**Q** 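Handing you this structure, nothing more for now.
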Number of protein chains: 2
Amino acid sequence: MGDQQEKDALFDALAEAAKALGNGRRAQLIDILGQGERSVDELAAEIHQSMANTSQHLQRLLRAGLACSRRSGTRIYYSLASPAVERLWRALRETAEAHSGELGDLVRAYVGDRADLSMITRDELLVRLRQGDVVVLDVRPQPEYEAGHIPGALSVPFSDVKSRLREVPQGTEIVAYCRGPYCLYADEAVRLLTDEGRLATRLEEGFPEWKATGLPIEQSATARNSPPRP
Amino acid sequence: MGDQQEKDALFDALAEAAKALGNGRRAQLIDILGQGERSVDELAAEIHQSMANTSQHLQRLLRAGLACSRRSGTRIYYSLASPAVERLWRALRETAEAHSGELGDLVRAYVGDRADLSMITRDELLVRLRQGDVVVLDVRPQPEYEAGHIPGALSVPFSDVKSRLREVPQGTEIVAYCRGPYCLYADEAVRLLTDEGRLATRLEEGFPEWKATGLPIEQSATARNSPPRP
DNA sequence: TTCTTATTTAAGTAGGTACTTGAATAAGAA
DNA sequence: TTCTTATTCAAGTACCTACTTAAATAAGAA
């Protein structure tokens, strides 16, 4: 007890969790799982990797205690092990952002110029919701909407926005949201809607931040008969 | 803009910060730097590694934006780059702790049985401080005390507790604190003081948690003429 | 200037990581 | 039972990481 070997083992174990996050593909998986549980093939498609590789990454997350899985028939659904993992992921992003330069350039390269986009904060959205003068649009892929969304939001995945324009109420301002600040779905949706003459704005952050604040969430009845975890 | 390659680069960059934490020795360095800035040789001694290896680890932390350094004469002092890094480190510990089992066993192996130790929470300490009926003892190494400590605390490094017993006021309860929950200095101090017939208790957490809560801190005038960073 | 001390750099090695491909399970459908 | 589909496992390869030792800087002291 109290010797160097045990101390090293303790810190090695802590580092193990960090290592699990220390790979771009696994970081992406954690980011996606922050939206709710997904099957291996969905995840493989999202991160553009082979099933075998994705499976191996997921098992690494499992071993590190960052994710957990459940079987449902022939599919296996992965999800984050606990809200602590989401906090860890958010802390990592904030730390990297504070390291000004590097990451900022990469974000700018990926998201492009957002100067043309109208943005709204969570607090502003809450005010507008109370006033009841906005329509909220969830433009993430369907399974993520089903796993949990902002109460009253309509699900129109970003790829369907153009074809399903008529389903979006007219004459009311639209607020689109997606996975988070690094996600482009809402950007695309807002640009498309604006081009069509609608008044559209994107929520600055995404669903996980909404959930993390403890705000109420809504789940689809069809959400793969997975009860919301305690 | 918005293509897969850029997205991968973005997540790779985020993962880079996690990778920097993804090594037991570097995790230990972050933990120590959470107490305040230290020179390379002090850090090398703390983690029981060669100067060369420690230097390389520190430079990795530098590159990842987790640490920063300043030169003072012939020495180079490293410190955490921002409070966000401390939050990241805390989030990592909490995540690993939630992954019950694994880490718990390692903590138990390292810290041993604390059933015999009297413990006090930060809130309880604040009450006692207001009442003015406790003496607070900082049992961390001297440089850490100098870099910042709980206001009014006396510095008696754990290795000196036995020899400097007479300096510790008698007849008043003693609360010892150190680096944090994984640190044994306060445990040792409390056991020693109790054996000597003193009434001693350890603070559950350590100095970084005190600081993170935004509670006031005190710095030694001799603190290596480094101004507290903004 | 030379000497000393603190730190970094360079080069080398053993072991680990991230992918690949192809085969093995495991659950359900026919 | 056999067939199909989702997932995991096993083995191989190119690259990366953590340490070592020995030499190179860089600042200050003599």
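Computed from heavy atoms alone, side chains included, the values below leave out hydrogens, waters and symmetry copies. Labels below follow one simple rule: chain letters A, B, ... track the order of the sequence lines, proteins then strands, and each chain is numbered from 1. Please read these numbers as outputs of a predicted model, since none were measured by experiment.
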**Q** Quick test: give all pairs of protein nitrogen or oxygen and nucleotides 7-14 of chain C nitrogen or oxygen below 3.5 Å, distance rounded to 0.1 Å.
**A**
unit_1 : atom_1 : unit_2   : atom_2 : d
dT7(C) : OP1    : Val40(B) : N      : 3.2
dT7(C) : OP1    : Ile76(B) : N      : 3.2
dT7(C) : OP1    : Ile76(B) : O      : 3.3
dT7(C) : OP2    : Asp41(B) : N      : 2.8
dT7(C) : OP2    : Asp41(B) : OD1    : 3.4
dT8(C) : OP1    : Tyr78(B) : OH     : 2.7
dT8(C) : OP2    : Ser55(B) : OG     : 2.7
dT8(C) : O5'    : Ser55(B) : OG     : 3.4
dT9(C) : OP2    : Gln59(B) : OE1    : 2.4

**Q** Quickly work out the Arg63(A) CZ to dT8(D) P distance and round it to whole Å.
**A** 12 Å
**Q** Hey, is the main chain of Arg75(A) close enough, under 3.5 Å, to the side chain of Ser72(A) for a donor-acceptor pair?
**A** no
**Q** Ignoring backbone atoms, test whether Arg26(B) places a side-chain nitrogen or oxygen under 4.0 Å from the OP1 or OP2 oxygen of dA18(D).
**A** yes
**Q** Aromatic rings Phe11(B) and Tyr182(A): how do their planes relate, parallel, tilted or perpendicular, breaks at 30° and 60°?
**A** perpendicular
**Q** Nearest whole Å is fine: how far is dT7(D) P from Leu29(A) CG?
**A** 13 Å
**Q** Taking atom C1' of dG16(C) as reference, at what distance in whole Å does atom CG of Asp12(A) sit?
**A** 14 Å
**Q** For the backbone of Arg140(B) and the side chain of Glu144(B), can you confirm whether one donor and one acceptor N or O come within less than 3.5 Å of each other?
**A** no
**Q** Is His57(A) close enough to dT17(C) that one of its side-chain N or O atoms is under 4.0 Å from OP1 or OP2 there?
**A** no
**Q** With distance as the sole criterion, is a donor-acceptor pair present between the side chains of Glu209(A) and Thr213(A) under 3.5 Å?
**A** no
**Q** Just to be sure I follow the notation: if a pair is Watson-Crick (purine N1 to pyrimidine N3 plus N6-O4 or O6-N4) or a G-U wobble (N1-O2 and O6-N3), each under 3.5 Å, what dot-bracket string does DNA chain D give, with | for pairs to another strand?
**A** ||||||||||||||||||||||||||||||
**Q** Taking all heavy atoms of Ala96(B) and all of Leu14(A), pick out the closest pair and write down the distance.
**A** CB-CD2, 3.7 Å
**Q** Whole angstrom is fine here: how far is it from CD1 in Ile47(A) over to P in dA18(C)?
**A** 12 Å
**Q** Applying salt bridge (charged side-chain N to carboxylate O under 4.0 Å, His left out), can you list everything that pairs with Arg122(B), at least two apart in sequence or on another chain?
**A** Glu205(B)
**Q** Given salt bridge (Lys or Arg N to Asp or Glu O under 4.0 Å), test Arg63(B) with Glu16(B) step by step and report yes or no.
**A** CA-CA 9 Å; Arg63(B) 256 181 289 127; Glu16(B) 211 48 49; over 6 Å; no
**Q** Are Asn23(A) and dT17(C) close enough that a side-chain N or O sits under 4.0 Å from OP1 or OP2?
**A** no
**Q** Have Arg25(A) and His57(A) got a donor and an acceptor in their side chains that come within less than 3.5 Å?
**A** no
**Q** Rounded off to whole Å, could you give me the NZ-to-P distance for the Lys19(B) and dT17(C) pair?
**A** 11 Å
**Q** For Leu21(A) and dA18(C), give me the distance from atom CG to atom C1', rounded to whole Å.
**A** 16 Å
**Q** Counting only N and O atoms by type, is there a donor-acceptor contact under 3.5 Å from the side chain of Thr95(A) to the main-chain atoms of Ala84(B)?
**A** yes
